[in-house]
Amino acid sequence: RDNVQVAGSSTVLPYASIVAEAFGENFDFPTPVVESGGSSAGLKRFCEGVGANTVDVANASRAIREKEIKACADNGVTDIMEVRIGYDGIVFASDIDGATFEFTPADWFNALSPKVLVDGAIIDNPNQTWADVNPAFPAQQIAAFIPGTKHGTREVFEEKVLAVGCETTGALKAMEAAGMSEDDAEDACIKVRTDGLSTDIDGDYTETLARIDANKDGIGVFGLAFYENNTDKLQVATMSGVTPTTESISTGEYPVSRPLFFYVKKAHIGVIPGLKEYAEFFVSDEVAGPDGPLAEYGLVSDPELALTQEAIANEQTIASGS
Amino acid sequence: MTDASNAAPLREKKSLLVVDARTKKRNAAEARFKMYGIIAITLGLLFLAVLLTTIISRGTGAFTQTFISVPVELREDKLDKKGNRNLEDIKKVSTFGYNPLLGDALSAVIAEGGFTTEITKSKELRKLLSSSAVGQMRAYVIENTDQIGQTVTFDFFASSRVDGYIKGRVTREDLARDKNLSAEHLDLVDQMIEAGVVRKKFNPSFIFGADASESRPEQAGLGVSMLGSLFMMLVVLFLALPIGVAASIYLEEFAPKNRLTDLIEVNISNLAAVPSIVFGILGLAFFIQFCGGYLGIAAMKASAPLVGGLVLTLMTLPTIIISTRAALKAVPPSIRDAALGVGASKMQTVFHHVLPLAAPGILTGTIIGLAQALGETAPLLLIGMVGYIASNYPDSVLSGFTDPNSAMPAQIFEWAKRADPAFYERAWGGIIILLVFLMTMNIIAILLRRRFERRW
Amino acid sequence: MSGIVLLLIVLGLGALAFILARGKALSSVGGDQRALHSRPHYYGFSASILTIAPAVALMVVWGFGQSTLVQSSVAELIPASAIAEGQTVGLLMGDVQRIANGLDTAVAEGALSSDAAATLSTGADDIRGILGSVGVALGADVDPAILKAAQSYRAMQSSGATLRMIAVIGVALLGLTYGFMQTSATYRARNSVERSMRWTLIAAASVAVFTTLGIVFSVIFNTIEFFQLYPAKDFFLSLTWSPSFGGGSELGVFPLLWGTLYISLIALMVAVPTGLFSAIYLSEYASPKVRAFAKPLLEVLAGIPTIVYGLFALLTVGPLLVNVFGDGGILGVNWMQGGTAVMTAGLVMGIMLIPFVSSLSDDIINAVPQALRDGSLGLGATPSETIRQVVIPAALPGIVGAILLAASRAIGETMIVVLGAGAAARLSMNPFDAMTTVTAKIVSQLTGDADFASPEALVAFALAMTLFVITLGLNVIALGIVRKYREQYE
Amino acid sequence: MDDLRYMEMPVDQDTKISASNVQIYYGDNQAIKDVNVEIADKTVTAFIGPSGCGKSTFLRCLNRMNDTIDICRVEGTIKIDGDDIYDNAVDPVQLRAKVGMVFQKPNPFPKSIYDNVAYGPKVHGLAKSKADLDVIVEKALRRGAIWDEVKDRLHAPGTGLSGGQQQRLCIARAVATEPEVLLMDEPCSALDPIATAQVEELIDELRQSYSLVIVTHSMQQAARVSQRTAFFHLGNLVEFGDTSQIFTNPQDSRTESYITGRIG
Amino acid sequence: MDDLRYMEMPVDQDTKISASNVQIYYGDNQAIKDVNVEIADKTVTAFIGPSGCGKSTFLRCLNRMNDTIDICRVEGTIKIDGDDIYDNAVDPVQLRAKVGMVFQKPNPFPKSIYDNVAYGPKVHGLAKSKADLDVIVEKALRRGAIWDEVKDRLHAPGTGLSGGQQQRLCIARAVATEPEVLLMDEPCSALDPIATAQVEELIDELRQSYSLVIVTHSMQQAARVSQRTAFFHLGNLVEFGDTSQIFTNPQDSRTESYITGRIG
Ligand SMILES: Nc1ncnc2c1ncn2[C@@H]1O[C@H](COP(=O)(O)OP(=O)(O)OP(=O)(O)O)[C@@H](O)[C@H]1O
Ligand SMILES: Nc1ncnc2c1ncn2[C@@H]1O[C@H](COP(=O)(O)OP(=O)(O)OP(=O)(O)O)[C@@H](O)[C@H]1O
Ligand SMILES: [Mg+2]
Ligand SMILES: [Mg+2]
Ligand SMILES: O=P([O-])([O-])[O-]
């Protein structure tokens, strides 16, 4: 095998494909092959073992888990380099011709949680329209298209929006006061109502877009890059007063984002032609920097990119590095 | 025997020209029945028509593309500082190094054409063009080092937004919050169209080209993944058809009828119900990890059309076996008797008489099986054929089976997911190509089937 | 010598065997074919098979044997010091092979003489440069031990190839001789050839069996792993499907099975009548011209990628249904909340399945002997009575096969379900509610973001296994029904 | 052996079927050439002639069974009870209910023996109840001279019968619908003498009320059961007349040589 | 009509086929009960008996054509030229090449007339060249007494022939492979007297070198062409002997009543 083989997250795929294409254009190495199939499937194949018939790089929209590192090690994949390439902003957007929204996490909690706090009591969520949630909003039917539970984005949504909303509305306290254990209360916070007002999307953002197309009341969760490519159809909502842009996300002002990674098998470096070059090229300033093509496409570049570059140069692995 | 009085007519005599009530009723039922048939067919064809018009109306745009012709001065001081035309040195200049040249060239075009625009920054100007432009230039320079220092006119892809504007998909209002292009750009484009610098023309590289990354929808083509599909279909056709027919012949004509063969029969029908992605799991485990990894067969690797073809073969087999068996069953036994009776062996009987008579059913199974295999994406997901893969043409026919490649449906599926709406048009365009491919592939089978059809 | 050339030689010997044996058979009876047990070409084929089959088998086995042998002896040449931490010998073997192949290419392209290739050394030559010039890119500079290994790898491979050639041609010649010797007028050549054919047929039939075994093997271990993490009781008996990342998922298969059943049922309710009536019309009423034109057209429906159907469901059929059955719809019934519903997916899937039923049934109906139709028409039955009571029952096994195929496809479909029916697992009787299927969940859990060793990801395998067992049961029942109602004509 | 027993039956019945200038083509091949014939009611008419001369073809025309053969084309007029059966207003289904047919090759349905016979009556609604139907089936099977052989296996498939049994089953099937005209294409070809006699008895019985046309190769059979005989040769109707006259005093030399060349 | 012409042929030929204690079952139904019979070489043996008595069943056993019927089971031994044909070592294909068969229902292949006849010779390699094959086909069709009718349409489908023509085509097809034993199940049932005579001539001619078994319902035919006759009744072989003896002096009362009950 002469080419670098990459597998994993479909969220990282666009960035990886841009890099792979430019890598092929600028190096004599063959263009790397970038498969999609999900972070989990990619890491699973990554951890299958060391050798030419396994992948060299796994893209992931979340950090590798302890259990996975162990599973990797069981198969002889011990020296893993973790590379954080930047952040994926997660935005809320609705139809371009519809009403404009300025959300807070509390709004989302009150709209989607099966149980909310009303007048000091935890009751079944009575809210049917956005006006019920917040009088400032139009009386528009709640129709949320949120990522299905297979998506890492869902986890981010739960942690950074629902859980936060749960706390700020005081629902968390009220639940604990009502005798729930802390864990149970936290679990209850991130539950989503199942009466049809919220729809899980197992597909990708195009599907969410199509759903909003079919239901103009819909509000969907998108990646920043996807939204930026579809500003003709979508308008983005602010969160806690901040408009999501690459800048506001990289400064941490806009709260909802997640880091993106790829993982490299150190053992393959020096054996698979172009592997190290690919990794270095990926995080080079020209590519992943704030003016590079990745940022242009919608990646929130990592302020600590220099550290990452150095780590790659030193072939720092997870065990030795972190 | 029976007495004559028994033979009294049950029914009264009537003229044939007068249709009696019962016959009327039966004829009405007949007409209804026939009507159901017509309705069913019309419905089917109607659905087809709706789908096809949708596909065609959305997809034809993908076959044309906007180009901008730009004369670029290939400045020596940027491209070959040492001036000795050493390829190694020229290669050191990355595509990023070509950006300034492009910006200057565009400014020159504006100046020369006398266009008026507010846009002056090189980076902003370059937004008119596809990001493939620099790559195109660099490849040209490496091929033609002697051209360094000259001015060469390139036909660059316009960026997807500009193309969308020309095709009517993008309007000035749409660009209000778009950071990729602004309304001023469009004013400039209008002038450039006027001057003939910007043209929309047929884009063969959509049909023959390779996939491009997310940021370059204008450059993406289906050609390489079409080859991927072609190689996979070759594998499927040359394995699934013979194996399927052979298996059916064995089970239907030779196998003893017992519990074991019942089990095999049920098992084959059951295979048809196995979700296609599970075949992907099997393909990953058996072909890639076992054959490729454990046995060390180099051709069995991820992303190889050979492996994809094998997986699709396994997936198509049940369809072919089920239809072939049904067709074999439908051949009247008297024909087998006739052949056996003149001393043909069972094998000869089957191959000379039964098989030709069952051919229409077998071909139908093949047509449907191949259609299914050609359109399938899910199993390819697990064997590494979905993603950004079809970016290089294979080096040779033989390596076409093993070089990493994607497949048409996977490519279309990938495009449909991408963020830039320009890919959406390409996805539909890709479906047109896929359907043309399908029809071409099936035409022989359809003609053959017509030849074999007969009643007895 | 490459395998292809060797194969061609063996095939050539096979052809020779054919000519010789056929000639011998004919001459043994002085050219009078009647005196032979079998037709002359059977003698030819019989000898050919004896020549080719063992030789090719040997080639394949030798191929594996040699590569294993060479690999292991070359691996011993690589000193432990050359193996970096975390690397394995196997990984380095890849590099060795790449260098060896690169040297081969270099020799073939004239960049190196074969002597030079065997004596290159890392100190004196720029290996990476030389190989790079012939298009073989290496990941790093070459370690001397690796180069040594690569050179002895080449040497072993080439002597192995020579040995293989001798052995394979030898076996082929032996087969040829034996085949030629046993050729005589009384030798049962046809039986021997047919025996080989029969084995070939059996081998083909076993492919299906091995596929099943393969499927079972490739999902069973992960299924077991799943059941170690998640109680089987909950999986089979819980009525909720709600996976979540943090653990505490409820993974009851029942709502998914229900969705699968419901959607497939609706799809079949669309596809079976439409397909069957189309088939009947095409084979019994339509003129040959209409038939020649409509049948392939309907088959295009099977070839349209499912994503198109999915989008069609999402963008066209769903809103249309909402307009009729939804809130404020034409019927004013408010049964439907959103466009995604069992009904949406079922209808669209039904369209896709039409050709599965129509084309296959059409062929089978067409194969029913005309004499049966004549018999019925002659009694004064109308064509439709004839079709319903004589033709269809006679064609029943084939039609059931076609329907089963359509049902199978319905069960296995994902894209239409995801886009048309939604992703939410729900237990409801209302066909206008969103639901999802087992298959859709297999795909989504398999391609999701959950930790791959977690029950949320592993459940995909358990789902696959469960579906497999259930469809097996349904197929057994279907077979029983067909057996019971089968009418064999003549 | 018996001599031919010439019938002394009166044959001046009403005309049931009249065919004039009938031409039948299979593609370009003309199988029947300009045939004119009048078939009387309550009579048995025999078609005889060498194999391949067009008997079956002409017979199939009389109830439009040739409609099912794509390449077959009929010209001329055929009237039954004065109605042109090729008229557009005529429903072939009703026609075939009236003009039943026994085919040359037995073609039982792949159903049970019972269902084979019950099929016609069910289609025509001749039975009011299951018991009724049982009676009809039994009667038909008795008339087809096969009741005794199959009464214990009425629910076994009709295709599992011997050749002669299948032929009789088809006869039973045809008479079960009580047609006014019964066309029988070599109904006794696979039957032994005793069964033949029984079928001939049936024919004789049916003649009391219906019109029958039978194709036969047995001159003796024609002589025994028919009142009128038509001799076909190479697609031509060579001679048509009273059976006695045809057999004793043929007008055409071809008829004579066919009759006298007889052996069977 | 002719009287029965009892043959005065010597019938002490070598035994070609000998069946002993043959029992044949269809499922649980016994169709042939303990039949013992010896069929001589260069002789025509006729099987007679009422419809459904098991003639075809027994005939199909002699070249193992019953193998194709799933539910059919044979017990006892049948030897041809001393070899047990149900022995495992026997190749049924070779057997059938040696023992040809004409089926009761004509079953031409849905191929051209030429191909129908040429198939057997091709499979057995009887022709060295196309010209050779043409000769064989013509000869077979002439023997089948159908050459004149089809010589201009050799490439028309065999299924487009008339019933009698199909029957003769099947006879031609069977003789084209030159089997040593020819089993014919009612070969003349759909034939007119002249064609019947031609086929009988063929049978007579074949008898010079081969052994023939024919099933027939025509007592006259049995008497005319056969030297030995077997009478079956309800699955039993009631009587077997020289044709002349069977017809003049039947030993069994059932034979007698069948013979004397004859009509056709
Ligand atoms: N395929 C079959 N399945 C079951 N029973 C059968 C089958 N074929 C024949 N039989 C039965 O076996 C018996 C003998 O049948 P066979 O065909 O041998 O009669 P036959 O003497 O040839 O009569 P015919 O003169 O009518 O042809 C009959 O009772 C028949 O119903
Ligand atoms: N389906 C057909 N297609 C073409 N030609 C046919 C078809 N059926 C019959 N023929 C031809 O028409 C002529 C008359 O055939 P028909 O079946 O009427 O003969 P027949 O008198 O019934 O003969 P038989 O006594 O042999 O049954 C024959 O030459 C025959 O070959
Ligand atoms: Mg006829
Ligand atoms: Mg019989
Ligand atoms: O494909 P994802 O793992 O990023 O959802």
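Letters A, B, ... are given to chains in the order of the sequence lines, protein chains preceding strands, and every chain is numbered from 1.
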Is the number of heavy atoms from other residues, nucleotides or ligands within 6.0 Å of CZ (B:R22) greater than 12? yes

Are C:Y285 and B:I38 packed together at the side-chain level, in the sense that at least one heavy-atom pair is separated by less than 4.5 angstrom? no

Chain B heavy atoms under 4.5 Å from C:L301: which part of the residue, side chain, backbone, both or neither? both

Taking 4.5 Å as the heavy-atom cut-off, does anything in residues 371-379 of chain B contact chain C, and if so which residues? B:A371, B:Q372, B:E376

Under a 4.0 Å threshold between the charged nitrogen and the carboxylate oxygen, would C:R198 count as salt-bridged to B:E253? no

Flag the pair B:S345 / C:R190 as yes when at least one side-chain heavy-atom distance between them is below 4.5 Å, and no otherwise. yes

Answer whether the closest heavy-atom distance between the side chains of B:N270 and C:T212 falls below 4.5 Å. no

Which bit of B:I55 comes within less than 4.5 Å of chain C, counting heavy atoms only: side chain, backbone, both or neither? side chain

Which atoms of C:I399 are under 4.5 Å from chain B, going by heavy atoms: the side chain, the backbone, both sets, or neither? neither

Between C:I354, C:V209, C:L404, which has the largest tally of heavy atom pairs under 4.5 Å with chain B? C:V209

Region of B:L48 in contact with chain C, defined by heavy-atom distances below 4.5 Å: both

Please examine the side chains of C:L201 and B:M347, heavy atoms only from C-beta on, and report whether any two atoms are closer than 4.5 Å. yes

Nearest atoms (heavy-atom pairs only) where B:G37 meets C:Y281: CA-CB, 3.8 Å

Can you find a pair of side-chain heavy atoms, one from B:F33 and one from C:E385, that are under 4.5 Å apart? no

A side-chain contact here means heavy atoms from C-beta on lying under 4.5 Å apart; do B:L434 and C:P305 qualify? yes

Give, as side chain, backbone, both or neither, the part of B:A272 having an atom under 4.5 angstrom from any heavy atom of chain C. both

Could you tell me whether a side-chain N or O of B:E30 sits under 3.5 Å from a main-chain N or O of C:S384, the two making a donor and an acceptor? yes

Where does B:L363 contact chain C at under 4.5 Å (heavy atoms): side chain, backbone, both or neither? neither

Does any heavy atom of chain B fall under 4.5 Å from the side chain of C:L405, the backbone, both, or neither of them? side chain

Sort C:T447 into side chain, backbone, both or neither according to what part of it lies under 4.5 angstrom from a heavy atom of chain B. side chain

Mind checking whether B:I368 and C:S359 have side chains closer than 4.5 Å, heavy atoms only? yes

Please determine whether the number of non-hydrogen atoms from other residues, nucleotides or ligands lying under 6.0 Å from atom CZ of B:R58 exceeds 12. yes

Selection from C:A294, C:P383, C:A203, C:A279 maximising heavy-atom pairs under 4.5 Å formed with chain B: C:P383

Under 4.5 Å from any heavy atom of chain C, what part of B:T54 do you find: side chain, backbone, both or neither? neither

Bottom line for B:V245: the part with an atom under 4.5 Å from chain C's heavy atoms is neither

Under 4.5 Å from any heavy atom of chain C, what part of B:A285 do you find: side chain, backbone, both or neither? side chain

Contact origin within B:M408 toward chain C - heavy atom pairs under 4.5 Å: neither

What part of B:R449 gets within 4.5 angstrom of chain C, counting heavy atoms only: side chain, backbone, both, or neither? side chain

Under 4.5 Å to a heavy atom of chain C? For B:F287 that would be neither

Please report the C-alpha distance between C:K295 and B:I41 in whole Å, then the side-chain angles of each, then the deciding distance to 0.1 Å, and finally whether the side-chain contact (heavy atoms from CB on, under 4.5 Å) criterion is met. CA-CA 9 Å; C:K295 193 174 170 188; B:I41 293 221; over 6 Å; no

Okay, B:L382 and chain C: the region with an atom under 4.5 Å from a heavy atom over there is side chain

Contacting region of B:P409 [heavy-atom separation from chain C under 4.5 Å]: neither

Name all residues meeting the side-chain contact (heavy atoms from CB on, under 4.5 Å) criterion together with B:L398; count only those two or more places apart in sequence or in a different chain, and write none if there are none. B:S396

Decide yes or no for C:E194 and B:Q348: does some side-chain heavy atom of the first lie under 4.5 Å from some side-chain heavy atom of the second? yes

Of B:T313, B:I321, B:L239, B:L317, which meets side chain to side chain contact (heavy atoms under 4.5 Å, CB included) against C:V207? B:L317

Please classify the contact between B:F279 and chain C as side chain, backbone, both or neither, with a heavy-atom cut-off of under 4.5 Å. side chain

Centroid separation C:F217 to B:F286 less than 6.0 Å: no

Cut-off 4.5 Å, heavy atoms of chain C, and the answer for B:I322 is side chain

